[in-house]
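What follows is a set of notes on a single structure, which appears directly below.
Quick note: numbers below take in every heavy atom, side chains included, and nothing from hydrogens, waters or symmetry partners.
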Amino acid sequence: LKAEKDTLGFYLEGHPITRYEKELLSITTTSLNGINPGVVRVAGYIENIRTRSGQRGRMAELRIDDRTARMMVNLYSDVYEKYRSILQKDTLVIIFGDVVQDDYYASGYSIKANRIFDLAGIRSMCSKLILRIDKQMMQNGLLTSVQNVLKEHTNGNNTVNIQYNN
């Protein structure tokens, strides 16, 4: 697929994000073609990275593609410095950010990134389970049910935290 993209400028046989779409549905809040102003979680492949130095430090501008649309993502210096190690062309990233109206771009919007994850990073973040249990739930036999379910799944690598509120 990469050679196809390099030669033609687009994916003819299929976009590489297709194999992750089902998993990404539970992570993202919208696809790029459904963007509206507000807080979003989106995923896309980095098509282009442009960096520049400004008065506040190094910044970056990404163009991402999720098969439905392309979108510009702005990373200001603090965000860029924190996440720059995962910013590579043709890499799938998940971006938590704010959509702002921006007449400079054809879509009318751009995203100001707050947090960025690669696929492994978002999987790690999403692999934790926090159960919040209170006194009333304990009296209903919930703890025994939770123990039975957890015993069946002891071979995994995910963390389960139980928080008890009295």
Side-chain angles (χ1 to χ4, degrees), residues 1-6 8-54 56-132 153 155-163:
L1 288 177
K2 184 175 177 349
E4 183 178 280
K5 171 85 163 60
D6 290 343
L8 299 174
F10 58 91
Y11 297 104
L12 185 63
E13 292 294 318
H15 197 285
I17 203 168
T18 305
R19 67 178 151 208
Y20 303 111
E21 281 181 333
K22 192 172 183 178
E23 180 179 4
L24 292 171
L25 279 174
S26 64
I27 298 168
T28 59
T29 56
T30 186
S31 58
L32 294 179
N33 70 346
I35 288 283
N36 287 307
V39 177
V40 294
R41 283 189 314 266
V42 295
Y45 272 83
I46 298 175
E47 283 192 335
N48 189 20
I49 303 170
R50 192 177 88 179
T51 60
R52 63 179 182 258
S53 294
R56 297 180 187 166
R58 287 185 64 81
M59 301 169 51
E61 185 177 74
L62 312 176
R63 185 173 64 214
I64 62 170
D65 178 359
D66 75 347
R67 189 175 69 87
T68 67
R70 293 176 175 154
M71 184 72 52
M72 296 307 291
V73 179
N74 296 304
L75 288 78
Y76 293 101
S77 60
D78 56 335
V79 175
Y80 174 69
E81 290 301 325
K82 186 172 184 179
Y83 298 107
R84 73 185 212 180
S85 64
I86 63 171
L87 301 177
Q88 297 176 11
K89 189 175 178 184
D90 298 322
T91 300
L92 177 63
V93 290
I94 295 86
I95 298 171
F96 291 50
D98 300 302
V99 175
V100 294
Q101 284 190 305
D102 195 332
D103 294 333
Y104 184 74
Y105 302 110
S107 67
Y109 301 109
S110 66
I111 300 172
K112 178 185 164 276
N114 298 321
R115 294 166 55 188
I116 301 175
F117 298 91
D118 58 8
L119 194 57
I122 201 73
R123 284 175 174 163
S124 175
M125 186 180 93
C126 293
S127 68
K128 299 171 190 162
L129 174 65
I130 299 173
L131 297 174
R132 291 182 175 92
H153 303 282
N155 295 335
N157 295 325
N158 299 345
T159 304
V160 177
N161 295 317
I162 298 176
Q163 296 178 352

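- Nearest heavy atom pair, residue E47 against residue K89, reads O-CE, 3.1 Å.
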Is there a side chain to side chain contact (heavy atoms under 4.5 Å, CB included) between N114 and K112 once you walk through the steps?
CA-CA 7 Å; N114 298 321; K112 178 185 164 276; 3.4 Å; yes
Check the pair I116, L87 against side chain to side chain contact (heavy atoms under 4.5 Å, CB included), reporting the backbone distance first and the verdict last.
CA-CA 9 Å; I116 301 175; L87 301 177; 4.1 Å; yes
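- The structure places CD1 of I49 at 11.5 Å from CZ of R63, a figure rounded to the nearest 0.5 Å.
- Side chains of I94 and V42 form no contact here, defined as non-hydrogen atoms less than 4.5 Å apart.
- A cation-pi geometry, defined here as NZ or CZ lying under 6.0 Å from the six-membered ring centre and within 45° of its normal, does not hold between R58 and Y80.
- Within the 4.5 Å cutoff, the side chain of L62 has no heavy atoms near those of the N48 side chain.
- Taking all atoms of both residues into account, the shortest heavy-atom contact from M59 to S77 is CG-N, 4.1 Å.
- Using a 4.5 Å cut-off on side-chain heavy atoms (C-beta onward), I86 and T91 make no contact.
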Take E23 and R123, measure what side chain to side chain contact (heavy atoms under 4.5 Å, CB included) needs, and give me the verdict at the end.
CA-CA 10 Å; E23 180 179 4; R123 284 175 174 163; 2.8 Å; yes
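- Minimum heavy-atom separation, I111 to M71: CD1-CG, 3.7 Å.
- Annotation: side chain of S110 is in contact with side chain of V100 (closest heavy-atom distance under 4.5 Å).
- Taking 4.5 Å as the limit, some side-chain heavy atom of T18 sits within range of a side-chain heavy atom of R67.
- Checking L25, I27, L92 one by one against Y20, the side-chain contact (heavy atoms from CB on, under 4.5 Å) holds for a single residue, L92.
- Summarising the geometry of D65 relative to R70, their closest heavy-atom pair is OD2-NE, 3.8 Å, with the distance given to 0.1 Å.
- For I17 against D66, the heavy-atom pair with the smallest separation is CG2-O, 3.6 Å.
- In terms of the side-chain contact (heavy atoms from CB on, under 4.5 Å) criterion, residue partners of N36 (sequence neighbours excluded) are, by chain and number, Y109.
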Assess the residue pair L32 and I64 against the criterion (side chain to side chain contact (heavy atoms under 4.5 Å, CB included)); give the C-alpha distance rounded to whole Å, side-chain angles, the decisive distance to 0.1 Å, and a yes or no.
CA-CA 9 Å; L32 294 179; I64 62 170; 3.9 Å; yes
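- Between Y83 and R115 there is a side-chain heavy-atom pair separated by less than 4.5 Å.
- Nearest heavy atom pair, residue V73 against residue A113, reads CG1-CB, 3.8 Å.
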